[in-house]
Amino acid sequence: MFSLWYLAYIVKGSGIGSTSKMVDQEVLDKLEAGFQKLQEAKGCKSLLKKHLTREIFDKLKTRKTSMGASLLDVIQSGVENLDSGVGVYAPDAEAYTLFRDLFNPIIEEYHVGFGPSDKHPPKDFGNVNTLVNVDPKGEFVISTRVRCGRSLEGYPFNPCLTEQQYREMEEKVSSTLSGMSGELKGTYYPLTGMDKATQQKLIDDHFLFKEGDRFLQAANACRFWPTGRGIFHNDNKTFLVWVNEEDHLRIISMQKGGDLKQVYSRLVDAVNNIESRLPFSHDDRLGFLTFCPTNLGTTIRASVHIKLPKLAKNRDQLEAIASRYNLQVRGTRGEHTESEGGVYDISNKRRMGLTEYDAVKEMQDGILELIKMEKAA
């Protein structure tokens, strides 16, 4: 497993924390303006605003990673989108260390107490056979999904990637996925040159991700679009891989109903299969490394689309109950969306300081409790 320092070293060929390239005045001016904007935004509740104090700002504003990423690259999305919940992204792996005075408290708060001296445990998918179908009668859960993010070792994250690197990664990933067999066997669809019929089919299946997410755009994560981007799905449409959307890879297992055991088992098989041929970026302290600090450690997000009409009469109350079980409530179409038809997307919130199995089990146990409370309401 590579440390952040070594990963930065092999990618760029220089030591971590290099400040040989000075941040120019234009960037410093933008940083100062952005900091002032945050301070004056009374309604802003982002973790960026909370933790970017003047002391931290002054300490970090002149730093640059060995790949040339500055504090502006880290905070620009949160400055432009004052309704962000978090507001920061890592432009490369080194950023997590060089700008740790900002990242560490954000990581600690988001990941429920994962402090600077804590170390993420080794990967452990656990015994999949101990998981269950959370809604065997099909009364509440519409669908179940488990996904994880992965970054390819030796490549930076979106804002620092070149057009050629996007192409290289797509070639490596698509050739790996074409070797899938059995239930995982499927087809890769590159976004470049995609015909309208295929595009519409993937949109209708709710598979196709689109350019234009304002949070990613502001983070400079959509360069050279659609070069190097694509989607893979198996023949049964229960296994899906997004290539170079927010992360290098988003590996997804999903199906209708509440059979978490089956969904998780498929994901584990897929991740192990891909990892045997493509090395992933990993850090001994932070676990698997991705673009967004909410998605470190296991990077596992296990979720259900669920109808809870009684509990959902009061969204604030639903969120308060869910938080007791470390669950996150989102709208039907994910983050920053509203519920449609009383259906909510509910997932585990913790991804760090626990194993992959524990993260999924936490979601399972919380959903079982919510269903029990809905029935009793």
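Everything numeric here is computed off the predicted structure, so don't read it as measured data. Values reported hereafter were calculated over all heavy atoms of this structure, with side chains retained and with hydrogens, waters and symmetry mates removed.
The line from CD of Glu94 to CZ of Arg100 is 10.5 Å long, rounded to the nearest 0.5 Å. The CD1 atom of Ile252 lies 5.0 Å from the CZ atom of Arg145; values are rounded to the nearest 0.5 Å. In this structure, the separation between CZ on Phe239 and CE on Met254 is 10.5 Å, given to the nearest 0.5 Å. Taking CG of Asp83 as the reference point, atom CZ of Arg214 lies at 4.0 Å (rounded to 0.5 Å). With values rounded to the nearest 0.5 angstrom, Lys361 atom NZ is found 12.0 Å from Tyr264 atom OH. Here CG of Leu31 is found 11.0 Å from CD of Glu26. Values are rounded to the nearest 0.5 Å.
The salt bridge (Lys or Arg N to Asp or Glu O under 4.0 Å) analysis of residues 231-246, with sequence neighbours excluded, yields the pairs Asp205-Lys237, Glu246-Arg250.
Counting heavy atoms from C-beta outward, Tyr89 and Gln76 have side chains that stay 4.5 Å or more apart.
Taking the centre of each ring, Phe288 and His120 stay at or above the 6.0 Å mark.
For the residue pair Asp195/Thr198, the side-chain donor-acceptor check at 3.5 Å is satisfied. Between Thr299 and Arg150, the side chains place a donor N or O and an acceptor N or O closer than 3.5 Å (distance only, hydrogens not considered). Under the 3.5 Å distance criterion, with hydrogens and angles disregarded, a donor-acceptor pair is assigned to the side chains of Asp204 and Gln200.
The closest donor-acceptor contact from the side chain of His111 to the backbone of Pro293 lies under 3.5 Å. The closest donor-acceptor contact from the side chain of Asp247 to the backbone of Phe291 lies under 3.5 Å.
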